[in-house]
Amino acid sequence: PLSYKWRLPYFPSGKEKRCVLRIRYNISTDDYDPMATFAGQNRIAALGQRSPVEQNPNINIGSFTNQALRLAINTAQFGRTFQDRSHVFRLLPRTALNQANSTNISIKNLN
């Protein structure tokens, strides 16, 4: 959904409360056709094809000890980027003036 109707909690104690809201979403890329791209296309030995992206590869970082560095690459997640947004805010006690419905007015960055 493009929106979510959230009912703010009510605390009858009348004390200010801190609240943390975490929103996580993913952005999937369209660099390739997801309906026509399969893992079997990553490596076709008979054609000499090999994917440049491998699961958890060991790479040489050029150190004098020749120890390899293992990268944590999950190829099942490679075409997706996850975004996390966390917000901390205060919930103030409700008064007679703000008991009615409130409207959130937000400003979006259009750059």
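Because only heavy atoms are used, hydrogens play no part in the values below, and waters and symmetry mates are left out as well, while side chains stay in.
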Name all residues meeting the salt bridge (charged side-chain N to carboxylate O under 4.0 Å, His left out) criterion together with R90; count only those two or more places apart in sequence or in a different chain, and write none if there are none.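 R90 satisfies salt bridge (charged side-chain N to carboxylate O under 4.0 Å, His left out) with E16 only.
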Among residues at least two apart in sequence or on other chains, which ones pass salt bridge (charged side-chain N to carboxylate O under 4.0 Å, His left out) with R24?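 Checked R24 against salt bridge (charged side-chain N to carboxylate O under 4.0 Å, His left out); matches are D84.
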Tell me, please, which residues at least two apart from [X] pass side-chain contact (heavy atoms from CB on, under 4.5 Å).
X   : value
L69 : I59, I61, L71
S13 : F11, K15, K17
R70 : N56, N58

For the residue pair V88 and R18, establish whether any side-chain heavy-atom pair is separated by less than 4.5 Å.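 Contact flag for V88/R18 side chains = yes.
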Where do G14 and P93 come nearest, in terms of heavy atoms and distance? O-CG, 2.9 Å
Who passes side-chain hydrogen bond (donor to acceptor under 3.5 Å, both in side chains) against Q67, sequence neighbours left out?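 Listed in chain order: nothing, the list is empty.
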Test side-chain contact (heavy atoms from CB on, under 4.5 Å) applied to Q55 and I73, step by step: CA-CA 6 Å; Q55 183 83 12; I73 295 178; 5.9 Å; no
